Amino acid sequence: MNVVFLGPPGSGKGTMASRMAKRCNLLHLSTGDMLRAEIKQGTELGNLAKSFIDKGALVPDSVIIDMMSNRFLEEDAKNGVLLDGFPRTTAQAEALESIANIDSCINLVVAAEVVVNRVASRRVCANCGEVYSIKTYAKSDCEKCAGELTIRPDDNEKTIRARFAVYEEQTAPLIEYYTDKGILESVDATMPIEEEAEYIYGILSKI
Ligand code: AMP
């Protein structure tokens, strides 16, 4: 089974995708995490991606499609993948069709104001990538690996508003794209986290 998680920045895609991947035994692939790893390693791809990410813009389709086509060739992607942050444009969704068969698209629905608020309180472990909210976790180190909790450079209000606008313009058309394919399920992403996780698991366990 291959699943796409769709939703604006700050909709909780990463958190839900990571939980569902563990529960459904799927590989969690986050393009944002993959790009941040490239930036950390100072690769050519990372340097290119950084200039787009810092502005809240999308990294060019050709770069992302190449990166994901290669990733899908690896052995661990053969048993099912949960895609978080990809595809983000119609061109990427069309390219994905020739890479893998998508069984379900989970669309997380949340308003811009909620997102800005959430992202302002988001902290990410610099070591393992675990995501926290300062509203529910007051410590400065990770509960799982004791890594330092940091603020993502693109998690400031100006960039998050730009990212939301980019989402509405370039990614939201994928809602219709996957609706037309008959595989889209929309989920209210403002539900309490455990309730939301059960709801999504209910959808995925029927596939
Ligand atoms: P995320 O961690 O999913 O919020 O992604 C962070 C940033 O990485 C985005 O704002 C984009 O600049 C870039 N990015 C991640 N995934 C993609 C993608 N599929 N296409 C283009 N840019 C992407």
Side-chain angles (χ1 to χ4, degrees), residues 2-21 28-41 43-72 77 81-100 102 105-108 110 112 114-126 128-133 150-175 177-178 189:
N2 294 309
V3 180
V4 166
F5 266 54
L6 206 60
S11 56
K13 281 193 307 294
T15 306
M16 282 298 149
S18 149
R19 283 184 170 222
M20 290 306 133
H28 176 198
L29 284 185
S30 153
T31 40
D33 285 350
M34 290 167 76
L35 294 170
R36 282 185 287 276
E38 296 283 341
I39 293 173
K40 212 169 167 181
Q41 288 163 30
T43 64
E44 201 180 317
L45 167 58
N47 293 337
L48 172 80
K50 188 174 182 340
S51 59
F52 293 94
I53 294 177
D54 285 350
K55 286 185 291 199
L58 293 186
V59 175
D61 283 336
S62 57
V63 174
I64 297 289
I65 292 167
D66 265 10
M67 179 176 86
M68 292 309 275
S69 304
N70 288 329
R71 187 63 186 86
F72 265 93
V81 169
L82 207 156
L83 291 166
D84 157 15
F86 175 82
R88 256 178 158 101
T89 64
T90 306
Q92 291 180 17
E94 285 168 356
L96 176 59
E97 279 186 39
S98 57
I99 304 174
I102 302 302
C105 175
I106 304 291
N107 174 39
L108 303 184
V110 61
V114 177
V115 160
V116 172
N117 232 304
R118 268 191 196 176
V119 171
S121 45
R122 175 155 72 185
R123 297 293 180 271
V124 184
C125 173
C128 74
E130 185 70 14
V131 178
Y132 294 90
S133 166
T150 55
I151 300 175
R152 264 172 55 170
D154 58 344
D155 272 355
N156 58 77
E157 183 168 345
K158 186 167 167 247
T159 311
I160 181 69
R161 286 197 189 276
R163 284 158 61 201
F164 200 91
V166 165
Y167 164 80
E168 290 201 309
E169 192 187 314
Q170 301 195 56
T171 308
L174 294 181
I175 297 172
Y177 184 94
Y178 285 114

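None of these values were measured; they are calculated from a predicted model. Along the sequence shown, residues carry numbers from 1. Read the numbers this way: they start at 1 and go in the same order the structure lists the ligands and their atoms.
- In this structure the side chain of Ile53 never reaches within 4.5 angstrom of the side chain of Arg163, judged on heavy atoms.
- Within the 4.5 Å cutoff, side-chain heavy atoms of Leu96 are placed close to those of Ile102.
- The cationic group of Lys50 does not satisfy the cation-pi geometry with Phe52, failing either the under 6.0 Å distance to the six-membered ring centre or the 45° limit from the ring axis.
- Between Tyr177 and Glu94 there is a side-chain heavy-atom pair separated by less than 4.5 Å.
- For Ala17, the side-chain contact (heavy atoms from CB on, under 4.5 Å) partners at least two apart in sequence or on another chain are Phe5, His28, Leu82, Asp84.
- Protein residues are said to neighbour a ligand when one of their heavy atoms lies under 4.0 Å from it; for ligand 1 these are Thr31, Gly32, Leu35, Arg36, Ile53, Ala57, Leu58, Val59, Ile64, Gly85, Phe86, Arg88, Gln92, Arg152, Asp154, Arg163.
- Side-chain contact, Gln170 with Thr89: no donor N or O sits under 3.5 Å from an acceptor N or O.
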